[in-house]
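Quick notes on the structure that follows.
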Amino acid sequence: MPCTVIAGGFWGDEGKGKIISYLALKEKLDLCIRTGSVNAAHTIWHKGKRYALHMVPGGFVHEKCRLLIAAGANVHVAQFLKEVKETNVKNRIRVDNQASIIEEKHSTQDKTSAHLKGLGTTGWGVGPAIEERVCRTAKLAKDIPELKPYLTDVSMETNRAIDEHRKVLLEGTQGVMLSLFHGTYPYVTSRDTSASAICSEAGVGPTKIDGVIVVLKSFITRVGTGPLPGEIPKEEALKRGWFETAAGTGRDRRSAPFNSELAKKAIMINGATQVALTKLDCVYPECKGVKDYQELSKEAKQFISNIEKQTRTPIVLIGTGPEALDIIDRRK
Ligand code: IMP
Ligand code: MG
């Protein structure tokens, strides 16, 4: 555990929030560092309440976990303050001095650009905000009075914690198929979403990482435009119980069956050491709420061992329901 990266393997919405919240509670995480921006929503069920977090790290469910927003992240100030209040984490959340700021004008630019609209962006304005960062005209967290009480040096805090062998989790957003470099360009988001980029945003070098968990869902979904191999019609998705709407934007998610070739690519690019497989109960309803591997149905076990065989990577966490603790944990 000491320093683990969590990355999405498909087009986001694999259930990273659930896996992060489970690890936070189970491992009593010391530090959880969020990367990316406000376009990504991590859904977390905690004490019967549902959170769709765009800014606050998923580790908030463990009350002693310190929460950091990385230098490479892009902060929406109003959303950040709203979520800090909602999750009551004011005393333990900090933002890197150099995180960039996303403003209302970026959202307007996103929504009025015919090109970006054609890609089916979330409309939050992350692309235009990153464009400004690249042009070196962006505002940074240290320029914003409301963020003054929250400022810190995230890479310094994180590397110190790693050196002290504390439990650190680097929380990725979206999935590798949405990566600006490795995804289905141009139908991608405005950053690299792979494990290496997650480390880079946090300011942690590759030699400091102990493991990378890639989160894969038992079926695949994608929102927005762009290719989706094996896509099934919405009626079929409804019939199979796979139909979802986006946690962030409420849009319909398109869906397709699990794809081993995509899983292999995701594992390769992320250098994954382990896999977390979510929503097994959506494909095998008889597995809902199961916490012991032996109690899974024969078909579900077959599905899991096939993926392990093809990807040569162990599936160590298996999600069987929405709550953080609805999980089969096969780690030693
Ligand atoms: P943008 O990131 O808002 O520019 O949108 C670019 C593409 O990435 C669109 O297809 C979005 O639907 C997709 N996208 C961005 N963030 C997420 C996410 O958190 N989950 C799923 N898709 C996302
Ligand atoms: Mg999401």
Side-chain angles (χ1 to χ4, degrees), residues 6-21 34-45 50-58 72-76 79 83 100 102-134 171-194 197-198 201 215-217 219-228 231 243-256 262 266 276 278-279 319 322:
I6 300 278
F10 295 139
W11 280 274
D13 308 315
E14 301 91 357
K16 290 177 292 297
K18 182 222 163 71
I19 298 298
I20 293 159
S21 61
R34 168 113 186 197
T35 58
S37 189
V38 67
N39 44 0
H42 289 174
T43 303
I44 290 169
W45 283 90
R50 180 181 177 276
Y51 298 83
L53 299 176
H54 295 260
M55 284 275 109
V56 167
N74 188 35
V75 176
H76 189 291
Q79 185 70 24
E83 291 182 11
S100 62
I102 178 168
E103 298 173 76
E104 209 43 51
K105 66 175 182 191
H106 298 130
S107 172
T108 308
Q109 285 165 20
D110 197 348
K111 288 177 185 157
T112 52
S113 154
H115 172 66
L116 292 177
K117 225 177 167 164
L119 302 182
T121 67
T122 62
W124 279 96
V126 179
I130 298 299
E131 211 177 304
E132 263 215 71
R133 189 168 196 171
V134 174
E171 173 176 348
T173 57
Q174 301 142 329
V176 76
M177 303 304 159
L178 281 174
S179 162
L180 181 64
F181 303 156
H182 308 290
T184 50
Y185 193 93
Y187 303 102
V188 294
T189 190
S190 45
R191 57 189 278 270
D192 180 17
T193 50
S194 71
I198 296 165
E201 285 190 24
V215 183
L216 303 174
K217 190 155 66 179
F219 54 98
I220 300 180
T221 57
R222 131 164 247 184
V223 282
T225 327
L228 176 58
E231 181 168 5
F243 179 70
E244 297 179 346
T245 52
T249 56
R251 292 184 290 177
D252 286 6
R253 288 183 185 156
R254 299 153 59 198
S255 59
L262 288 178
T278 58
K279 296 210 167 187

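Nothing fancy with the numbering, it's 1 onward along the sequence. In each ligand, atom 1 is the first atom listed, and ligand 1 is the first ligand listed. Keep in mind the model is a prediction, meaning the values are calculated, not measured.
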Kindly compute the distance separating CG (Leu116) from OG (Ser190), expressed to the nearest 0.5 Å.
9.0 Å
N or O pair under 3.5 Å between Thr225 and ligand 1:
no
Where the side chain of Glu132 meets the backbone of Ile130, is there a donor-acceptor pair that is under 3.5 Å apart?
no
Pick from Val223, Val38, Thr193, Thr122: the one approaching atom 10 (O) of ligand 1 most closely through a non-hydrogen atom
Val223
To which protein heavy atom is atom 11 (C) of ligand 1 closest, and what is the distance rounded to 0.1 Å?
Gly120 O, 3.6 Å
Under 4.0 Å between heavy atoms, the region of Arg222 that gets near ligand 1 turns out to be neither
Lys117: what forms a side-chain hydrogen bond (donor to acceptor under 3.5 Å, both in side chains) with it, not counting sequence neighbours?
none
Can you confirm whether Thr184 sits close enough to Trp11 that some side-chain heavy atom of one is under 4.5 Å from a side-chain heavy atom of the other?
yes
Under 3.5 Å, is there a donor-acceptor pair between the side chain of Ser113 and the main chain of Gln109?
no
Applying a heavy-atom cut-off of 4.0 Å, say which part of Tyr187 lies close to ligand 1: side chain, backbone, both or neither.
neither
Can you list the atoms of ligand 1 that are under 4.0 Å from a heavy atom of Leu119?
10 (O)
Out of Leu180, Asn39, Val188, Thr184, who is nearest to atom 7 (C) of ligand 1 when you count heavy atoms only?
Val188
Does Thr245 reach the main-chain N or O of Arg251 with its side chain, forming a donor-acceptor pair under 3.5 Å?
no
Specify the protein heavy atom at minimum distance from atom 19 (O) of ligand 1: its residue, its atom name, and the distance to 0.1 Å.
Ala40 CA, 3.0 Å
Determine how many protein N/O/S atoms sit closer than 2.8 Å to the Mg ion (ligand 2), leaving waters out since they are not shown.
2
Is it the case that the side chain of Ser179 and the backbone of Ser194 share a donor-acceptor pair, with hydrogens and angles ignored and the cut-off at 3.5 Å?
no
Salt-bridge test for Arg253 and Glu244: reply yes if a basic N is under 4.0 Å from a carboxylate O, no otherwise.
yes
How long is the span from the CZ atom in Arg222 to the OH atom in Tyr187, to the nearest 0.5 Å?
9.0 Å
Can you report which non-hydrogen protein atom sits closest to atom 5 (O) of ligand 1, along with the distance?
Thr121 CA, 3.2 Å
Under 4.5 Å between any side-chain heavy atoms of Thr221 and Arg254, yes or no?
no
Contact region, Thr249 to ligand 1, non-hydrogen atoms below 4.0 Å, reads neither
Top protein contact for atom 21 (C) of ligand 1, by heavy-atom distance
Asp13 OD2, 3.0 Å
Test of proximity, Thr189 against ligand 1: N or O pairs below 3.5 Å
yes
Is any N or O atom of Gln174, backbone or side chain, closer than 3.5 Å to an N or O atom of ligand 1?
yes
Looking only at protein heavy atoms, identify the closest one to atom 12 (O) of ligand 1 and say how far it is in Å.
Arg251 NH2, 2.9 Å
Between Trp124 and His54, does the ring centroid distance fall short of 6.0 Å?
yes
Is the closest side-chain donor-acceptor distance between Thr173 and Arg34 under 3.5 Å?
no
Can you tell me the protein heavy atom closest to atom 14 (N) of ligand 1 and the distance?
Leu178 CD1, 3.7 Å
Is any side-chain heavy atom of Leu53 less than 4.5 Å from a side-chain heavy atom of Ile44?
yes
To the nearest 0.5 Å, what is the distance between CD (Glu201) and CG (Asn74)?
9.0 Å
Report, in ascending order of atom number, the atoms of ligand 1 lying under 4.0 Å from any heavy atom of Trp11.
21 (C), 22 (N)
